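What you see is a predicted model, and the numbers here were worked out from it, not measured in a lab. Computed over heavy atoms, backbone and side chain alike; hydrogens, waters and symmetry mates excluded. Naming: A, B, ... by sequence-line order, numbering from 1 per chain.
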2 protein chains.
Amino acid sequence: MKYTIRTVASMTGLSQYTIRAWERRHHILSPDRTETNRRLYGEEDVFRLKLLKQMVDAGHSIGQSSKLTNDELFRLGSLGPDALAFPNDRNSPEQFINASIASVVRLDEEALRDSLVRGAAFLGAGPFIENVILPLLSHVESRWVEKSISIAQEHMVTAVLRTNLEQLRSSFLTSPNARRLLVTTPKGQMHELGALIVSVIAGLESWQVTYLGPNLPADEISHAATKSGASAVALSLVYPADDPDISAELILLRQNLGEDFPIIVGGRVAPAYLASLQHLDFLACQDLNEFRTALEGIK
Amino acid sequence: MKYTIRTVASMTGLSQYTIRAWERRHHILSPDRTETNRRLYGEEDVFRLKLLKQMVDAGHSIGQSSKLTNDELFRLGSLGPDALAFPNDRNSPEQFINASIASVVRLDEEALRDSLVRGAAFLGAGPFIENVILPLLSHVESRWVEKSISIAQEHMVTAVLRTNLEQLRSSFLTSPNARRLLVTTPKGQMHELGALIVSVIAGLESWQVTYLGPNLPADEISHAATKSGASAVALSLVYPADDPDISAELILLRQNLGEDFPIIVGGRVAPAYLASLQHLDFLACQDLNEFRTALEGIK
DNA sequence: GATTCATTGTCTAGAGCTTGTCAAGCAGGT
DNA sequence: ACCTGCTTGACAAGCTCTAGACAATGAATC
C-alpha cells in the first residue's frame, strides 16, 4: 500500500509544502511516482518523516538531521516505536515509559537514567511515580514473566530505579519536627522497590523517612522503630504470597511494638497475609492513595 | 550527527554568546563549518564544553580552564568544587568517618547521608572512597563481627552507601568514545558495595560503566558484555571464600568470553578463587591501585 | 583606599543563510 | 468546471556569522 502526499501529511503532522521543500532542498526521500508524476510514499518513507519531524521538534535543524540514516535517527531520538504515534507529546508519561523501555532493551544504562531523571523533573515526584515508575515496573514484570527480558536487563532496571528513587527521596527537605516513618521489608522479602516507592510518597507527605533496606527481622524493626523515634512503620510485601515465616514475623512485630502502634502494610501480596491477621490491626493499603490516607490517619 | 550552535547551547546550558566568545578569545574549540560558514559541533565538542562549564561553575576561570586538555578537565572535574581548597581539621577524612559512625550508632539516616555527601564533595571522589568509604566499611565490618552493631544499622549503612556511590557514579560525564566496562558480581555474590566502588573508580578513569547489580549468572554476564559493547568485565568477590559454584561461574564466563577478553577480578576473597584458576588469565587485583593499573593495561 | 588593567558574559548591528509557507502556471483526474 | 498535485520562484521570519562595544568583576598597582 502506498500513500499520497495528502495522507502522508496528515499522518506525520507536516504540511505538504514542508514535505516537498524537504525533498527538494535536502534530498530526504525519493518517493516513487505514478506514471503521471504523483508522489507515492511507502511505510519506510512515512517512518523516516516521523523521525525527522521528531528531530526538528526537539530543536535540531532539518539541514543537519537530513544527513542521518533512519537507524541513527532512531537511536538519537531514543524513543520507542510507539512514541511515533504521538509526535507532539514529548513530555507525556507514555513518552518517558517508552524511552525507558527502549533503553532497557538496548541495555543502555545511561539513557535509562537520563530518561528517568528527566521524567521526574518534568512530571514531579508524585505523578512521576504513579504514571511512569509503576507502569514501567508492571511492564518489566510482564516481560519478565514471558521471558522476553534477560536477567541482566532486569538487574539494570532495578539498580537504576533504586538509585532514582533514593535520589528523589533524599531531595526532600525535612522539617525537624516532622513525624518519622520507618520503612523496610520483613525478613524473607528481598524486593525493595516497593519500600522505596513508599518512602518517596511519605517524603512527599512531609514525613521524615528512615529507610532500612529489605529483609529485616521483626526484632530489628521494632528496635529500630524505637531507637529512631518513629511514629509508624511501613512494610512492603511483594513476593511470595505464602511464606509462613513472614506471617510469623508480622505477628512478632505486632507483639514487640504493642497494640496501638501504627503498622502500615502494603504491596501486591499484602492481602494474602493480612486476611488471617485481621485481629492484629495492621493498616492495609492496596495502592498509593490508600497509603496516603493511612498516613494522614496517623496522629 | 553534528549539532548547530543552538542545540549545543541548550545541551550545555551555555549561551550562544558565551560559546562564541570562548572560541574567539581562548580557542577552546575549532568546530567544523558548513559550506556557508555555520558552526557544526560533534559529540567531542559538546563533551568538552560541558567539562569547561563544570569548571567555571566550580569557580575557576575560563581562561585557565581553557588551557587544559579534556583528560585533565575530566580528572579535575570529578574532584568536586572544593578540590583546590585548603583542607582543615573540620574536613579531614577522619572527621567524616567519625561523623558517619556516630550517625550509624544513632540510626540517623539523614545525618549519615549528609556527612557522606559533604565528604564526597569536599575530598573528591577518589580520595573520598579511599579515605572515608573503605575505612568506614572496615569499621562497620569489625563491629559487625563483634556484634556491637545491629542488623538494622548495618542495613542502613549499606543502603546509604549504595545510594551515595551510585550518585557519585552517575555524576560523571562520560566521554562519547570512552571504553565501556561492565561491572557486576557473579551468581552467589550478594554483596554489591565492592562492585559499586569499582564502578566509581572506573568512572574516574574515564571509563563508561554499565553496572548490573549483584548476583548475575555467567551466561548473562557474557551476553550483556557483548550487547553493551564492553571492552572488559570487572567482578567483585567479597564473601564467601569457598563456594564451588562461583568457581564454576568463573570458568564458564571465561569460556563464553574467550581467552583474550579482559576479566578483572577483585575483592577480599578473590585470591581464594583465582589460586586454582591461574591458567584462565583473570586480572587479579588486591586493592584499588591494582585495579587502576589493570584498567590502564587494557587496550 | 583609589586607580588601573585584564577578564568575562552579554549585547548590538549589519550581512548572509535556512526554512516554512505560498502563489503562479501547468498537467492530469473526476 | 473543479479538484489535486507538480515545479519553480519568491518572501518573511528567524538563525547565525563577524566585529565591535559595554558593564561588572576582581586582581594588581599606585
Are the side chains of [X] and [Y] in touch, meaning some heavy atoms are under 4.5 Å apart?
X        : Y        : result
A:Leu196 : A:Arg169 : yes
B:Gln167 : A:Glu166 : no
B:Trp22  : B:Val56  : yes

First encountered from the 5' end of DNA chain C, between B:Trp22 and A:Val56:
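Here B:Trp22 is the residue nearer the 5' end.
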Phosphate OP1/OP2 of [N]: any [X] side-chain N/O under 4.0 Å:
X       : N      : answer
B:Ser15 : C:dT10 : yes
B:His26 : C:dT7  : no
B:Gln16 : D:dC15 : no
A:Thr18 : C:dT21 : yes

Integer-rounded Å distance: [N] [atom2] and [X] [atom1]:
X       : N      : atom1 : atom2 : answer
A:Tyr41 : D:dG5  : OH    : P     : 10 Å
B:Arg20 : D:dT18 : CZ    : P     : 8 Å
B:Tyr17 : C:dC11 : OH    : C1'   : 5 Å
A:Ile28 : C:dG20 : CD1   : C1'   : 13 Å
A:Ile5  : D:dC3  : CD1   : P     : 19 Å
A:His60 : D:dT16 : NE2   : P     : 13 Å
A:Glu23 : C:dG20 : CD    : P     : 14 Å
B:Arg24 : C:dT7  : CZ    : P     : 14 Å

Both B:Thr7 and A:Asn37 contact DNA chain D. Taking the nearest nucleotide for each, which residue is further toward the 5' end?
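Looking at DNA chain D, the more 5' nearest nucleotide goes with A:Asn37.
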Hey, is the side chain of A:Arg38 pairing donor to acceptor with the base of D:dT4 inside 3.5 Å?
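Check passes, donor-acceptor contact within cut-off.
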Trace of the side chain to side chain contact (heavy atoms under 4.5 Å, CB included) decision for B:Thr34 with A:Gln64:
CA-CA 10 Å; B:Thr34 67; A:Gln64 290 309 307; 4.2 Å; yes
Side chain of [X], heavy atoms from C-beta onward: which of [options] has the nearest atom to it?
X       : options               : answer
B:Ile62 : D:dC6, C:dT8, D:dC15  : C:dT8
A:Arg25 : C:dT19, D:dT18, D:dT7 : C:dT19
B:Thr4  : D:dT16, C:dG9, D:dT4  : D:dT16
B:Thr36 : C:dT18, D:dC6, C:dG9  : C:dT18

Does A:Glu23 pair with A:Arg33 as a salt bridge, N-O distance under 4.0 Å?
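Yes, A:Glu23 and A:Arg33 are salt-bridged.
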Could you tell me whether B:Thr34 contacts a base, only the sugar-phosphate backbone, or nothing, with contacts defined as non-hydrogen atoms closer than 4.0 Å?
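Here B:Thr34 touches no strand at all.
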